[in-house]
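Since the structure is predicted, the reported quantities are computational estimates derived from the model, not experimental observations.
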Amino acid sequence: MTLAALRTDGKRALAAALAGLERDPESATSQALLDAAWREPRAHVVGVTGPPGVGKSSLCAAVVAAWRRSGKTVGVIAVDPSSRTSGGALLGDRVRIAHDASDEGSFVRSMAARDRLGGLADQTVAAMVLMRALFDRVLIETVGVGQSETDVAGVADTVLFCVQPGSGDSLQFMKAGIVEIPHLVVVTKADMGAPAERARADVAGALSLATAGGSDWTVKVLAASSRSGAGVDRLMEALEAHRDYLAAEGRLAVARHQQSEGWVAQSLRDRFGRDGIARLGRLGLDLALAPGMQPFQRLRELGVALERP
């Protein structure tokens, strides 16, 4: 399956390609497809995270609908909690995010988190890279595991953190390291009125102590209701504003390069452990990526070096 074929053959072909990536990510076919997709990024990638039950899926559905109304094609990766029995996604895309299955301009893929912490599935990066080359926008909804859910910062261009009014989420946000992750914070269920405004003020106070990734981007705190639609337009404007910010002065290329280096390092650590990383130094190798180098290619090269006796 080639990238050109995926662009013409529709959602069924994409589903088959993603299944192939999950089944055999190391195959020559999978690696060639990922290398090709990496060279042709197209989408703005948005990651949506936050505690379980905060309303991420409803908000994601509203964002996808708004993008579709504006004529944007959208790919969604919904990372689900895993079944202890089968290891597969426990909920599935039909439950997580409401969408029109007949709409060729939108595609939703569920992925099981299995035993991976951080809110993502093992193959999220591969799926994101492929979908990023095919759609105008890609949205990743994390599984919702609380304070450890920070891996999304390594795959998304824009991270949106959701807070629910009246639940104490804003206090958890202040305590957790995730305060440094988001570029946008959305208080969900804004139609609750005063509790939503209190949560917004609490989060704004916490953010006065931190910035996203140490950048000069000012984190915006918004309130939105997926039920009434209130605030959704402002959220869409904020997403586009951050996209424009990244496009200026080469920021997007720098951020994606750093993400790629982080992903290579984590993948090697997962596979070979800390001893493997240390052995790279003894072999005269490092984790750095040359400008423009695909992380999948670099991972293959370093993996081969570490597998030698």
Side-chain angles (χ1 to χ4, degrees), residues 1-48 64 67 72-79 93 104-112 120-142 151-159 243 246-247 250-268 270-271 289-304:
M1 182 68 68
T2 65
L3 203 57
L6 289 178
R7 287 173 174 152
T8 58
D9 293 348
K11 298 200 295 187
R12 186 184 296 271
L14 176 55
L18 289 171
L21 287 178
E22 290 191 1
R23 184 173 55 251
D24 191 5
E26 304 298 327
S27 72
T29 299
S30 293
Q31 292 295 310
L33 184 59
L34 289 173
D35 286 344
W38 183 264
R39 288 191 292 269
E40 300 183 35
R42 170 178 162 189
H44 176 211
V45 182
V46 175
V48 180
V64 170
W67 274 330
K72 303 291 191 298
T73 58
V74 185
V76 179
I77 301 170
V79 183
D93 57 26
E104 284 296 324
S106 65
F107 177 88
V108 178
R109 177 73 173 188
S110 285
M111 305 185 76
L120 301 182
D122 286 340
Q123 293 302 315
T124 300
V125 170
M128 179 276 291
V129 168
L130 182 56
M131 293 169 72
R132 187 176 67 183
L134 300 173
F135 296 97
D136 298 321
R137 301 289 185 270
V138 171
L139 188 147
I140 302 171
E141 183 193 351
T142 69
D151 281 0
V152 70
V155 298
D157 304 323
T158 300
V159 177
R243 178 175 176 270
L246 291 172
R251 295 186 184 100
L252 181 60
V254 171
R256 287 181 172 176
H257 185 81
Q258 292 173 342
Q259 287 177 339
S260 296
E261 287 189 329
W263 178 77
V264 169
Q266 186 61 51
S267 297
L268 289 170
D270 290 345
R271 184 173 173 184
L289 282 176
M293 186 177 189
Q294 296 132 11
F296 305 103
Q297 177 185 344
R298 185 61 172 163
L299 181 61
R300 290 195 298 272
E301 293 174 353
L302 296 177
V304 167

Locate the shortest heavy-atom distance separating [X] from [Y]; write the atom from each residue and the value.
X    : Y    : value
R256 : P41  : NH1-CB, 3.5 Å
L21  : A126 : CD1-O, 4.2 Å
T158 : L246 : OG1-CD1, 4.2 Å
L130 : A17  : CD2-CB, 4.2 Å
W38  : S260 : CH2-OG, 2.8 Å
G75  : F135 : N-CG, 3.6 Å

[X] vs [Y] side-chain heavy atoms within contact, under 4.5 Å:
X    : Y    : answer
L134 : L3   : yes
V129 : W263 : no
L6   : L33  : yes

*Walk me through it: do I140 and V45 pass the test side-chain contact (heavy atoms from CB on, under 4.5 Å)?*
CA-CA 8 Å; I140 302 171; V45 182; 3.9 Å; yes

Report the distance from atom [atom1] of [X] to atom [atom2] of [Y], rounding to the nearest 0.5 Å.
X    : Y    : atom1 : atom2 : value
S267 : L302 : OG    : CG    : 10.5 Å
L14  : E104 : CG    : CD    : 10.5 Å
M131 : L139 : CE    : CG    : 9.5 Å
R12  : F107 : CZ    : CZ    : 11.5 Å
Q297 : L34  : CD    : CG    : 12.5 Å

_Audit row: M111, E22, side-chain contact (heavy atoms from CB on, under 4.5 Å) steps and yes/no_ = CA-CA 9 Å; M111 305 185 76; E22 290 191 1; 3.1 Å; yes

Could you tell me whether a side-chain N or O of [X] sits under 3.5 Å from a main-chain N or O of [Y], the two making a donor and an acceptor?
X    : Y    : answer
T73  : D136 : yes
E261 : L289 : yes
Q294 : R39  : no
Q31  : P25  : yes
R137 : H44  : no
K11  : S106 : yes

*Are the charged groups of R300 and D35 less than 4.0 angstrom apart, N to O?*
yes

*Would you mind checking if R243 and D157 are paired as a salt bridge, meaning a charged N to carboxylate O distance below 4.0 Å?*
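Salt bridge: no.
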
